[in-house]
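Worksheet: the structure to be examined is printed underneath.
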Number of protein chains: 2
Amino acid sequence: MARRARGTSAGLDREQIKSAAVALVDRDGLECFGVRRLAEELGVDPMSLYHHVKGKAALLDVVCEAVLAEVADATEGAPDDWEEIARRTAHSYRDMACRHPRVFPLLATRAQTSPVAVTALERLVSAMRMAGLPDRVAADAPMVLFGFLNGHLLASTGGGPEGPAPVPEFDSDTYPGMAALAPRWTDFGSAEEFDRMLDIVLDGIRARTARSA
Amino acid sequence: MARRARGTSAGLDREQIKSAAVALVDRDGLECFGVRRLAEELGVDPMSLYHHVKGKAALLDVVCEAVLAEVADATEGAPDDWEEIARRTAHSYRDMACRHPRVFPLLATRAQTSPVAVTALERLVSAMRMAGLPDRVAADAPMVLFGFLNGHLLASTGGGPEGPAPVPEFDSDTYPGMAALAPRWTDFGSAEEFDRMLDIVLDGIRARTARSA
DNA sequence: TTCCTAAACCTACGGCGTAGGTTTCGCTGG
DNA sequence: CCAGCGAAACCTACGCCGTAGGTTTAGGAA
(Lines give C-alpha, C1' and ligand atoms only; values in the text may rest on other atoms or scores of the structure.)
Protein backbone atom coordinates (compact mmCIF):
# COMPACT_ATOMS: atom_id res chain seq x y z
CA MET A 1 0.00 0.00 0.00
CA ALA A 2 1.28 3.43 -0.94
CA ARG A 3 1.79 5.59 2.10
CA ARG A 4 0.08 8.88 2.38
CA ALA A 5 1.66 12.07 3.70
CA ARG A 6 0.56 12.90 7.17
CA GLY A 7 -1.92 15.69 6.70
CA THR A 8 -3.29 14.44 3.39
CA SER A 9 -6.95 13.57 3.28
CA ALA A 10 -7.80 9.96 2.60
CA GLY A 11 -11.38 10.88 1.79
CA LEU A 12 -12.76 8.61 4.46
CA ASP A 13 -16.35 8.91 5.56
CA ARG A 14 -18.80 6.82 7.53
CA GLU A 15 -20.67 5.57 4.46
CA GLN A 16 -17.52 4.29 2.81
CA ILE A 17 -16.39 2.63 6.01
CA LYS A 18 -19.79 1.03 6.44
CA SER A 19 -19.91 -0.60 3.04
CA ALA A 20 -16.29 -1.71 3.25
CA ALA A 21 -16.97 -3.27 6.65
CA VAL A 22 -20.00 -5.18 5.39
CA ALA A 23 -18.06 -6.36 2.35
CA LEU A 24 -15.17 -7.50 4.51
CA VAL A 25 -17.35 -9.51 6.88
CA ASP A 26 -19.21 -10.98 3.92
CA ARG A 27 -15.97 -12.07 2.35
CA ASP A 28 -13.77 -13.14 5.27
CA GLY A 29 -16.16 -13.70 8.14
CA LEU A 30 -16.42 -12.36 11.64
CA GLU A 31 -13.40 -14.26 12.92
CA CYS A 32 -10.96 -12.36 10.76
CA PHE A 33 -12.73 -9.04 10.97
CA GLY A 34 -10.79 -6.33 12.73
CA VAL A 35 -9.81 -2.72 12.70
CA ARG A 36 -6.46 -3.37 11.10
CA ARG A 37 -7.88 -5.58 8.38
CA LEU A 38 -10.55 -3.07 7.50
CA ALA A 39 -8.00 -0.26 7.42
CA GLU A 40 -5.80 -2.24 5.06
CA GLU A 41 -8.80 -2.87 2.85
CA LEU A 42 -9.44 0.86 2.69
CA GLY A 43 -5.76 1.67 2.13
CA VAL A 44 -5.61 3.64 5.32
CA ASP A 45 -3.86 3.66 8.67
CA PRO A 46 -5.80 1.68 11.30
CA MET A 47 -5.97 4.64 13.63
CA SER A 48 -7.60 6.83 11.02
CA LEU A 49 -10.78 4.83 11.41
CA TYR A 50 -11.10 5.98 14.99
CA HIS A 51 -11.89 9.46 13.74
CA HIS A 52 -15.12 8.17 12.27
CA VAL A 53 -16.07 5.17 14.43
CA LYS A 54 -15.41 4.68 18.12
CA GLY A 55 -13.85 1.24 17.90
CA LYS A 56 -14.37 -2.34 16.92
CA ALA A 57 -17.67 -2.75 18.77
CA ALA A 58 -19.07 0.35 17.10
CA LEU A 59 -17.93 -0.99 13.74
CA LEU A 60 -19.95 -4.13 14.30
CA ASP A 61 -22.95 -2.01 15.25
CA VAL A 62 -22.58 -0.16 11.98
CA VAL A 63 -22.48 -3.45 10.08
CA CYS A 64 -25.67 -4.62 11.79
CA GLU A 65 -27.43 -1.38 11.05
CA ALA A 66 -26.40 -1.57 7.40
CA VAL A 67 -27.71 -5.07 6.69
CA LEU A 68 -30.84 -4.47 8.72
CA ALA A 69 -31.60 -1.45 6.59
CA GLU A 70 -31.81 -3.75 3.55
CA VAL A 71 -34.89 -5.40 5.00
CA ALA A 72 -36.69 -2.19 5.82
CA ASP A 73 -39.28 -1.70 3.10
CA ALA A 74 -40.43 -5.27 2.65
CA THR A 75 -44.07 -4.50 3.32
CA GLU A 76 -44.29 -1.39 1.17
CA GLY A 77 -47.67 -1.44 -0.49
CA ALA A 78 -48.72 -4.76 1.01
CA PRO A 79 -52.33 -5.42 1.93
CA ASP A 80 -53.38 -5.09 5.54
CA ASP A 81 -53.62 -8.86 5.98
CA TRP A 82 -51.35 -9.61 8.94
CA GLU A 83 -50.46 -13.02 7.61
CA GLU A 84 -49.32 -11.60 4.31
CA ILE A 85 -47.27 -8.98 6.15
CA ALA A 86 -45.71 -11.65 8.33
CA ARG A 87 -44.84 -13.71 5.26
CA ARG A 88 -43.27 -10.82 3.40
CA THR A 89 -41.31 -9.71 6.42
CA ALA A 90 -40.07 -13.24 7.04
CA HIS A 91 -39.02 -13.71 3.43
CA SER A 92 -37.31 -10.39 3.27
CA TYR A 93 -35.49 -11.18 6.51
CA ARG A 94 -34.43 -14.56 5.15
CA ASP A 95 -33.20 -13.03 1.91
CA MET A 96 -31.04 -10.68 3.91
CA ALA A 97 -29.66 -13.57 5.96
CA CYS A 98 -28.80 -15.46 2.78
CA ARG A 99 -27.12 -12.41 1.32
CA HIS A 100 -25.06 -11.88 4.48
CA PRO A 101 -24.72 -15.25 6.19
CA ARG A 102 -21.58 -14.21 8.01
CA VAL A 103 -23.16 -11.06 9.39
CA PHE A 104 -26.32 -12.76 10.55
CA PRO A 105 -24.98 -14.25 13.80
CA LEU A 106 -24.31 -10.71 14.89
CA LEU A 107 -27.95 -9.76 14.39
CA ALA A 108 -29.38 -12.81 16.10
CA THR A 109 -27.21 -12.32 19.15
CA ARG A 110 -27.92 -8.66 19.75
CA ALA A 111 -31.27 -7.27 20.80
CA GLN A 112 -32.80 -5.33 17.93
CA THR A 113 -34.25 -2.02 19.01
CA SER A 114 -33.16 0.03 16.04
CA PRO A 115 -35.81 2.14 14.30
CA VAL A 116 -35.94 -0.10 11.23
CA ALA A 117 -36.62 -3.18 13.35
CA VAL A 118 -39.26 -1.40 15.40
CA THR A 119 -40.94 -0.06 12.27
CA ALA A 120 -41.22 -3.55 10.79
CA LEU A 121 -42.68 -4.83 14.06
CA GLU A 122 -45.13 -1.95 14.24
CA ARG A 123 -46.42 -2.76 10.77
CA LEU A 124 -47.05 -6.37 11.73
CA VAL A 125 -48.44 -5.69 15.16
CA SER A 126 -50.89 -3.04 14.07
CA ALA A 127 -52.22 -5.28 11.29
CA MET A 128 -52.79 -8.01 13.85
CA ARG A 129 -54.67 -5.75 16.18
CA MET A 130 -56.65 -4.33 13.29
CA ALA A 131 -57.67 -7.88 12.37
CA GLY A 132 -59.01 -8.34 15.86
CA LEU A 133 -56.33 -10.56 17.34
CA PRO A 134 -56.30 -10.35 21.14
CA ASP A 135 -53.50 -8.19 22.52
CA ARG A 136 -52.06 -11.18 24.30
CA VAL A 137 -51.58 -13.00 20.99
CA ALA A 138 -50.52 -9.91 19.09
CA ALA A 139 -47.80 -9.38 21.69
CA ASP A 140 -46.55 -12.96 21.75
CA ALA A 141 -46.78 -13.70 18.05
CA PRO A 142 -43.97 -11.46 16.78
CA MET A 143 -41.70 -12.77 19.50
CA VAL A 144 -42.38 -16.33 18.43
CA LEU A 145 -41.94 -15.42 14.80
CA PHE A 146 -38.61 -13.65 15.24
CA GLY A 147 -37.42 -16.22 17.73
CA PHE A 148 -37.99 -18.84 15.09
CA LEU A 149 -36.50 -16.74 12.31
CA ASN A 150 -33.34 -15.98 14.22
CA GLY A 151 -32.85 -19.52 15.43
CA HIS A 152 -33.60 -21.22 12.14
CA LEU A 153 -31.65 -18.82 9.97
CA LEU A 154 -28.70 -19.02 12.31
CA ALA A 155 -28.64 -22.77 11.85
CA SER A 156 -29.47 -22.84 8.16
CA THR A 157 -26.98 -20.22 7.06
CA GLY A 158 -24.39 -21.89 9.24
CA GLY A 159 -22.43 -18.68 9.59
CA GLY A 160 -21.04 -18.85 6.11
CA PRO A 161 -21.92 -18.97 2.42
CA GLU A 162 -21.22 -22.72 2.24
CA GLY A 163 -24.60 -23.11 3.87
CA PRO A 164 -25.32 -25.50 6.71
CA ALA A 165 -23.40 -28.68 7.32
CA PRO A 166 -25.19 -31.53 5.51
CA VAL A 167 -27.35 -33.61 7.80
CA PRO A 168 -25.30 -36.66 8.83
CA GLU A 169 -26.40 -40.24 8.50
CA PHE A 170 -27.98 -41.95 11.47
CA ASP A 171 -27.49 -45.51 12.57
CA SER A 172 -30.92 -47.04 12.05
CA ASP A 173 -30.52 -49.37 15.04
CA THR A 174 -29.84 -46.76 17.71
CA TYR A 175 -31.74 -43.91 16.01
CA PRO A 176 -34.54 -45.53 13.98
CA GLY A 177 -36.76 -42.46 13.88
CA MET A 178 -33.96 -40.16 12.80
CA ALA A 179 -32.77 -42.60 10.15
CA ALA A 180 -36.27 -42.87 8.75
CA LEU A 181 -36.65 -39.10 8.53
CA ALA A 182 -33.18 -38.35 7.19
CA PRO A 183 -34.38 -38.23 3.55
CA ARG A 184 -36.76 -35.45 4.56
CA TRP A 185 -33.88 -33.28 5.72
CA THR A 186 -31.93 -33.21 2.51
CA ASP A 187 -33.49 -29.85 1.70
CA PHE A 188 -32.38 -28.31 5.01
CA GLY A 189 -31.93 -24.60 4.49
CA SER A 190 -33.95 -24.45 1.27
CA ALA A 191 -36.69 -21.95 0.53
CA GLU A 192 -39.26 -24.74 0.41
CA GLU A 193 -38.35 -25.96 3.86
CA PHE A 194 -38.46 -22.39 5.12
CA ASP A 195 -41.97 -21.92 3.75
CA ARG A 196 -43.20 -25.12 5.35
CA MET A 197 -41.82 -24.10 8.73
CA LEU A 198 -43.19 -20.62 8.41
CA ASP A 199 -46.59 -22.19 7.74
CA ILE A 200 -46.33 -24.12 10.98
CA VAL A 201 -45.54 -21.00 12.96
CA LEU A 202 -48.36 -19.03 11.37
CA ASP A 203 -50.71 -21.97 11.93
CA GLY A 204 -49.77 -21.76 15.59
CA ILE A 205 -50.58 -18.08 15.82
CA ARG A 206 -53.91 -18.62 14.10
CA ALA A 207 -54.76 -21.58 16.32
CA ARG A 208 -53.90 -19.64 19.44
CA THR A 209 -56.10 -16.80 18.25
CA ALA A 210 -59.00 -19.18 17.74
CA ARG A 211 -58.53 -20.65 21.20
CA SER A 212 -58.46 -17.38 23.06
CA ALA A 213 -61.53 -16.09 21.22
CA MET B 1 0.73 -17.86 41.51
CA ALA B 2 3.36 -20.20 42.86
CA ARG B 3 5.53 -21.56 40.12
CA ARG B 4 5.91 -25.24 39.67
CA ALA B 5 9.15 -27.00 38.87
CA ARG B 6 9.33 -28.13 35.30
CA GLY B 7 8.66 -31.82 35.47
CA THR B 8 6.23 -31.60 38.39
CA SER B 9 2.73 -32.82 37.72
CA ALA B 10 -0.01 -30.25 38.04
CA GLY B 11 -2.62 -32.98 38.15
CA LEU B 12 -4.45 -31.64 35.13
CA ASP B 13 -7.04 -33.75 33.37
CA ARG B 14 -9.77 -33.16 30.83
CA GLU B 15 -12.57 -33.27 33.38
CA GLN B 16 -11.00 -30.61 35.54
CA ILE B 17 -10.30 -28.43 32.53
CA LYS B 18 -13.86 -28.85 31.34
CA SER B 19 -15.50 -27.71 34.55
CA ALA B 20 -13.05 -24.85 34.98
CA ALA B 21 -13.77 -23.70 31.43
CA VAL B 22 -17.52 -23.75 31.96
CA ALA B 23 -17.14 -21.89 35.24
CA LEU B 24 -14.92 -19.28 33.62
CA VAL B 25 -17.31 -18.61 30.75
CA ASP B 26 -20.23 -18.49 33.19
CA ARG B 27 -18.43 -15.94 35.31
CA ASP B 28 -16.59 -13.73 32.82
CA GLY B 29 -18.29 -14.36 29.50
CA LEU B 30 -17.10 -15.44 26.09
CA GLU B 31 -15.37 -12.16 25.33
CA CYS B 32 -12.75 -12.60 28.03
CA PHE B 33 -12.42 -16.33 27.66
CA GLY B 34 -9.05 -17.53 26.49
CA VAL B 35 -6.34 -20.10 26.93
CA ARG B 36 -4.22 -17.84 29.12
CA ARG B 37 -7.10 -16.85 31.35
CA LEU B 38 -8.17 -20.43 31.88
CA ALA B 39 -4.59 -21.47 32.61
CA GLU B 40 -4.27 -18.74 35.22
CA GLU B 41 -7.54 -19.91 36.78
CA LEU B 42 -6.11 -23.41 37.04
CA GLY B 43 -2.75 -22.19 38.34
CA VAL B 44 -0.98 -23.60 35.34
CA ASP B 45 1.13 -22.52 32.41
CA PRO B 46 -0.98 -21.74 29.34
CA MET B 47 0.88 -24.23 27.22
CA SER B 48 0.17 -27.06 29.60
CA LEU B 49 -3.43 -27.03 28.47
CA TYR B 50 -2.37 -27.99 24.98
CA HIS B 51 -1.44 -31.43 26.29
CA HIS B 52 -5.09 -32.10 27.00
CA VAL B 53 -7.02 -29.96 24.52
CA LYS B 54 -6.03 -28.99 21.00
CA GLY B 55 -6.58 -25.28 21.32
CA LYS B 56 -9.09 -22.56 21.95
CA ALA B 57 -11.66 -23.85 19.48
CA ALA B 58 -11.51 -27.31 21.02
CA LEU B 59 -11.94 -25.75 24.46
CA LEU B 60 -15.15 -24.13 23.31
CA ASP B 61 -16.31 -27.45 21.90
CA VAL B 62 -15.67 -29.00 25.28
CA VAL B 63 -17.72 -26.28 26.97
CA CYS B 64 -20.63 -26.87 24.58
CA GLU B 65 -20.51 -30.59 25.14
CA ALA B 66 -20.49 -30.09 28.92
CA VAL B 67 -23.56 -27.87 29.14
CA LEU B 68 -25.42 -29.91 26.55
CA ALA B 69 -24.87 -33.00 28.67
CA GLU B 70 -26.87 -31.34 31.46
CA VAL B 71 -29.98 -31.48 29.32
CA ALA B 72 -29.59 -35.12 28.34
CA ASP B 73 -31.99 -37.08 30.54
CA ALA B 74 -34.92 -34.68 30.55
CA THR B 75 -37.39 -37.21 29.21
CA GLU B 76 -36.35 -40.11 31.41
CA GLY B 77 -39.50 -41.96 32.34
CA ALA B 78 -41.82 -39.59 30.51
CA PRO B 79 -44.94 -40.91 28.84
CA ASP B 80 -44.92 -41.52 25.11
CA ASP B 81 -47.03 -38.45 24.42
CA TRP B 82 -44.99 -36.46 21.92
CA GLU B 83 -46.32 -33.17 23.20
CA GLU B 84 -45.27 -33.95 26.74
CA ILE B 85 -41.83 -34.96 25.51
CA ALA B 86 -41.53 -31.75 23.53
CA ARG B 87 -42.53 -29.71 26.60
CA ARG B 88 -40.07 -31.44 28.89
CA THR B 89 -37.27 -31.16 26.40
CA ALA B 90 -37.98 -27.50 25.83
CA HIS B 91 -38.10 -26.74 29.54
CA SER B 92 -34.95 -28.65 30.26
CA TYR B 93 -33.23 -26.83 27.40
CA ARG B 94 -34.41 -23.50 28.72
CA ASP B 95 -33.24 -24.31 32.24
CA MET B 96 -29.81 -25.05 30.87
CA ALA B 97 -29.81 -21.77 28.96
CA CYS B 98 -30.73 -19.88 32.13
CA ARG B 99 -28.01 -21.63 34.08
CA HIS B 100 -25.41 -20.82 31.43
CA PRO B 101 -26.57 -17.70 29.62
CA ARG B 102 -23.05 -16.82 28.53
CA VAL B 103 -22.43 -20.25 27.05
CA PHE B 104 -25.70 -20.40 25.18
CA PRO B 105 -24.73 -18.23 22.18
CA LEU B 106 -22.09 -20.84 21.46
CA LEU B 107 -24.70 -23.57 21.27
CA ALA B 108 -27.14 -21.65 19.14
CA THR B 109 -24.49 -20.73 16.62
CA ARG B 110 -23.02 -24.19 16.11
CA ALA B 111 -24.83 -27.07 14.49
CA GLN B 112 -25.63 -29.70 17.08
CA THR B 113 -24.87 -33.19 15.90
CA SER B 114 -23.46 -34.54 19.16
CA PRO B 115 -24.88 -37.83 20.47
CA VAL B 116 -26.80 -36.19 23.32
CA ALA B 117 -28.56 -33.82 20.93
CA VAL B 118 -29.38 -36.60 18.50
CA THR B 119 -30.67 -38.81 21.31
CA ALA B 120 -33.04 -36.09 22.50
CA LEU B 121 -34.26 -35.59 18.94
CA GLU B 122 -34.73 -39.31 18.43
CA ARG B 123 -36.91 -39.51 21.52
CA LEU B 124 -39.15 -36.73 20.24
CA VAL B 125 -39.27 -37.85 16.65
CA SER B 126 -40.09 -41.46 17.39
CA ALA B 127 -42.92 -40.42 19.71
CA MET B 128 -44.32 -38.27 16.93
CA ARG B 129 -44.21 -41.07 14.41
CA MET B 130 -45.68 -43.48 16.92
CA ALA B 131 -48.57 -41.08 17.41
CA GLY B 132 -49.24 -41.17 13.69
CA LEU B 133 -47.90 -37.78 12.66
CA PRO B 134 -47.01 -37.73 8.96
CA ASP B 135 -43.28 -37.98 8.31
CA ARG B 136 -43.31 -34.59 6.68
CA VAL B 137 -44.56 -32.99 9.90
CA ALA B 138 -42.41 -35.15 12.16
CA ALA B 139 -39.39 -34.02 10.19
CA ASP B 140 -40.24 -30.32 10.17
CA ALA B 141 -41.55 -30.01 13.70
CA PRO B 142 -38.30 -30.49 15.63
CA MET B 143 -36.58 -28.02 13.35
CA VAL B 144 -39.25 -25.43 14.05
CA LEU B 145 -39.13 -26.18 17.75
CA PHE B 146 -35.36 -25.89 18.09
CA GLY B 147 -35.25 -22.95 15.74
CA PHE B 148 -37.65 -21.18 18.04
CA LEU B 149 -35.86 -22.33 21.19
CA ASN B 150 -32.47 -21.19 19.99
CA GLY B 151 -33.69 -17.86 18.71
CA HIS B 152 -35.86 -17.00 21.68
CA LEU B 153 -33.42 -18.15 24.33
CA LEU B 154 -30.63 -16.29 22.61
CA ALA B 155 -32.65 -13.10 22.85
CA SER B 156 -34.10 -13.68 26.29
CA THR B 157 -30.89 -14.64 28.04
CA GLY B 158 -29.21 -11.73 26.31
CA GLY B 159 -25.81 -13.38 26.54
CA GLY B 160 -25.46 -12.69 30.22
CA PRO B 161 -26.98 -13.25 33.64
CA GLU B 162 -28.43 -9.74 33.72
CA GLY B 163 -31.09 -11.10 31.43
CA PRO B 164 -32.39 -9.31 28.36
CA ALA B 165 -32.36 -5.57 27.95
CA PRO B 166 -35.70 -4.21 29.20
CA VAL B 167 -38.14 -3.47 26.42
CA PRO B 168 -37.86 0.25 25.65
CA GLU B 169 -40.74 2.69 25.54
CA PHE B 170 -42.35 3.46 22.23
CA ASP B 171 -43.60 6.79 21.04
CA SER B 172 -47.35 6.24 20.78
CA ASP B 173 -47.63 8.60 17.80
CA THR B 174 -45.17 6.90 15.48
CA TYR B 175 -45.59 3.38 16.95
CA PRO B 176 -49.15 3.16 18.27
CA GLY B 177 -49.38 -0.62 18.10
CA MET B 178 -46.08 -1.15 19.85
CA ALA B 179 -46.89 1.38 22.53
CA ALA B 180 -50.22 -0.31 23.19
CA LEU B 181 -48.60 -3.71 23.55
CA ALA B 182 -45.58 -2.58 25.60
CA PRO B 183 -47.23 -3.53 28.94
CA ARG B 184 -47.53 -7.08 27.62
CA TRP B 185 -43.78 -7.31 27.19
CA THR B 186 -42.75 -6.54 30.73
CA ASP B 187 -42.42 -10.26 31.40
CA PHE B 188 -40.05 -10.77 28.48
CA GLY B 189 -37.81 -13.70 29.30
CA SER B 190 -40.03 -15.09 32.05
CA ALA B 191 -41.11 -18.70 32.37
CA GLU B 192 -44.73 -17.71 31.80
CA GLU B 193 -43.92 -16.00 28.54
CA PHE B 194 -41.90 -19.00 27.50
CA ASP B 195 -44.82 -21.34 28.16
CA ARG B 196 -47.19 -19.19 26.16
CA MET B 197 -44.83 -19.14 23.21
CA LEU B 198 -44.19 -22.82 23.44
CA ASP B 199 -47.95 -23.32 23.32
CA ILE B 200 -48.12 -21.37 20.11
CA VAL B 201 -45.42 -23.47 18.50
CA LEU B 202 -47.03 -26.74 19.60
CA ASP B 203 -50.40 -25.46 18.41
CA GLY B 204 -48.78 -24.93 15.06
CA ILE B 205 -47.45 -28.45 14.87
CA ARG B 206 -50.82 -29.86 15.86
CA ALA B 207 -52.66 -27.68 13.34
CA ARG B 208 -50.28 -28.69 10.56
CA THR B 209 -50.83 -32.33 11.48
CA ALA B 210 -54.59 -31.88 11.24
CA ARG B 211 -54.28 -30.19 7.86
CA SER B 212 -52.11 -32.82 6.26
CA ALA B 213 -54.34 -35.64 7.52
C1' DT C 1 -1.49 36.41 6.62
C1' DT C 2 -2.03 33.79 10.84
C1' DC C 3 -4.04 30.56 13.51
C1' DC C 4 -7.00 26.57 14.62
C1' DT C 5 -8.96 22.38 13.88
C1' DA C 6 -9.91 18.11 11.64
C1' DA C 7 -8.07 14.18 9.79
C1' DA C 8 -4.56 11.65 8.81
C1' DC C 9 -0.19 9.07 10.28
C1' DC C 10 3.31 6.90 13.71
C1' DT C 11 4.82 4.65 17.92
C1' DA C 12 4.15 1.83 21.60
C1' DC C 13 1.82 -1.15 25.00
C1' DG C 14 -0.32 -5.05 26.79
C1' DG C 15 -2.81 -9.09 25.61
C1' DC C 16 -3.86 -12.90 22.64
C1' DG C 17 -3.17 -17.92 20.38
C1' DT C 18 0.21 -21.06 19.63
C1' DA C 19 4.61 -23.29 17.47
C1' DG C 20 8.78 -25.26 18.97
C1' DG C 21 12.10 -26.46 22.41
C1' DT C 22 13.65 -27.87 27.22
C1' DT C 23 13.24 -29.97 31.69
C1' DT C 24 11.92 -33.22 34.96
C1' DC C 25 8.98 -36.95 37.13
C1' DG C 26 7.58 -41.56 37.41
C1' DC C 27 6.99 -45.93 35.43
C1' DT C 28 8.82 -50.09 33.43
C1' DG C 29 11.93 -53.60 31.55
C1' DG C 30 16.20 -55.49 32.30
C1' DC D 1 18.61 -51.20 41.43
C1' DC D 2 18.89 -48.46 37.72
C1' DA D 3 18.74 -46.94 32.74
C1' DG D 4 15.84 -45.07 29.65
C1' DC D 5 11.75 -43.35 27.84
C1' DG D 6 7.48 -41.02 27.35
C1' DA D 7 4.19 -37.87 29.38
C1' DA D 8 3.37 -33.59 31.20
C1' DA D 9 4.81 -29.61 32.62
C1' DC D 10 7.43 -25.16 31.76
C1' DC D 11 9.83 -21.29 28.88
C1' DT D 12 10.69 -18.42 24.84
C1' DA D 13 9.36 -16.19 20.97
C1' DC D 14 6.46 -14.74 17.01
C1' DG D 15 2.98 -12.38 14.83
C1' DC D 16 -1.34 -10.90 15.37
C1' DC D 17 -4.87 -7.82 17.77
C1' DG D 18 -7.30 -3.27 19.84
C1' DT D 19 -6.24 1.11 21.03
C1' DA D 20 -4.08 5.20 23.91
C1' DG D 21 -1.33 9.10 23.09
C1' DG D 22 1.46 12.04 20.27
C1' DT D 23 2.89 14.36 15.74
C1' DT D 24 2.14 16.28 11.26
C1' DT D 25 -0.08 18.81 7.76
C1' DA D 26 -3.94 20.65 4.65
C1' DG D 27 -7.38 23.79 4.46
C1' DG D 28 -10.81 26.96 6.21
C1' DA D 29 -11.76 31.07 9.44
C1' DA D 30 -10.42 35.46 11.41
Side-chain angles (χ1 to χ4, degrees), chain A residues 1-25 27-64 102-103 105-106 109-110 159, chain B residues 1-25 27-64 102-103 105-106 109-110 159:
Chain A
M1 143 199 175
R3 299 232 166 139
R4 205 184 332 280
R6 244 176 166 159
T8 317
S9 167
L12 274 185
D13 69 344
R14 253 185 96 91
E15 210 55 36
Q16 191 182 358
I17 291 175
K18 182 192 295 188
S19 61
V22 173
L24 184 55
V25 177
R27 171 152 54 83
D28 294 347
L30 286 170
E31 315 285 299
C32 307
F33 181 79
V35 178
R36 292 173 123 100
R37 288 284 264 264
L38 180 59
E40 191 179 5
E41 208 71 17
L42 286 162
V44 146
D45 183 273
M47 295 315 290
S48 297
L49 293 177
Y50 282 78
H51 284 277
H52 303 271
V53 179
K54 274 193 176 279
K56 187 184 186 179
L59 269 173
L60 293 176
D61 284 341
V62 164
V63 170
C64 282
R102 311 187 120 136
V103 179
L106 226 51
T109 311
R110 291 148 180 248
Chain B
M1 144 197 174
R3 298 232 166 139
R4 205 184 330 282
R6 243 178 168 160
T8 319
S9 167
L12 274 184
D13 70 342
R14 253 186 97 91
E15 210 55 35
Q16 192 181 358
I17 291 174
K18 183 193 291 188
S19 63
V22 173
L24 184 56
V25 177
R27 171 152 53 83
D28 294 348
L30 285 171
E31 316 285 299
C32 308
F33 181 78
V35 178
R36 292 172 123 100
R37 286 286 262 262
L38 179 59
E40 191 179 5
E41 207 70 18
L42 286 163
V44 144
D45 184 274
M47 294 315 289
S48 297
L49 293 177
Y50 282 80
H51 284 277
H52 304 271
V53 180
K54 275 197 176 278
K56 187 183 187 179
L59 269 174
L60 293 176
D61 284 341
V62 164
V63 169
C64 282
R102 311 187 121 135
V103 179
L106 226 51
T109 311
R110 293 149 177 246

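Numbers restart at 1 for each chain; the letters A, B, ... are given by sequence-line order, proteins then strands.
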Problem - For atom CG of B:L59 and atom P of C:dC16, their distance in whole Å - result: 14 Å

Problem - Contacting residues from residues 47-55 of chain B, given that a heavy atom lies under 4.0 angstrom of DNA chain D - result: B:M47, B:S48, B:H51, B:H52

Completion exercise
Separation of D:dC16 atom P from A:K56 atom NZ, nearest Å, is 15 Å

Practice task
Using atom CG of B:D45 as one end and atom P of C:dG21 as the other, report the distance to the nearest whole Å.
Solution key: 17 Å

Exercise for the section: In whole angstrom, give the distance that lies between atom CG of B:L38 and atom C1' of C:dG17. Expected result: 13 Å

Exercise for the section: Could you check how far CG of A:L30 sits from C1' of D:dG18, rounded to whole Å? Expected result: 16 Å

Problem - Working for side-chain contact (heavy atoms from CB on, under 4.5 Å), residues B:L49 and B:L42 - result: CA-CA 10 Å; B:L49 293 177; B:L42 286 163; 3.9 Å; yes

Practice task
Can you tell me the distance, in whole Å, between the CG atom of A:L42 and the C1' atom of C:dA7?
Solution key: 15 Å

Practice task
Please state how far atom CZ in B:R14 lies from atom P in D:dA8, giving the value in whole angstrom units.
Solution key: 13 Å

Exercise for the section: Assess whether one donor atom and one acceptor atom, taken from the side chain of A:R36 and the base of D:dG18, lie less than 3.5 Å apart. Expected result: yes

Practice task
Could you grab the distance from atom CD of B:E31 to atom CZ of B:R102, nearest 0.5 Å is fine?
Solution key: 9.0 Å

Exercise for the section: Please tell me if the side chains of B:F33 and B:L24 come closer than 4.5 Å, counting only heavy atoms from C-beta onward. Expected result: yes

Practice task
Mind listing the closest non-hydrogen atom pair of B:K56 and B:G34 along with its distance?
Solution key: CE-CA, 4.4 Å

Fill in the blank from the handout: Between CD of B:E40 and P of C:dG14 the distance, given in whole Å, is 16 Å

Problem - CA sep, side-chain torsions, deciding dist, call: B:Q16, B:D13, side-chain contact (heavy atoms from CB on, under 4.5 Å) - result: CA-CA 6 Å; B:Q16 192 181 358; B:D13 70 342; 3.0 Å; yes

Exercise for the section: Given side-chain contact (heavy atoms from CB on, under 4.5 Å), test A:V53 with A:D61 step by step and report yes or no. Expected result: CA-CA 10 Å; A:V53 179; A:D61 284 341; over 6 Å; no

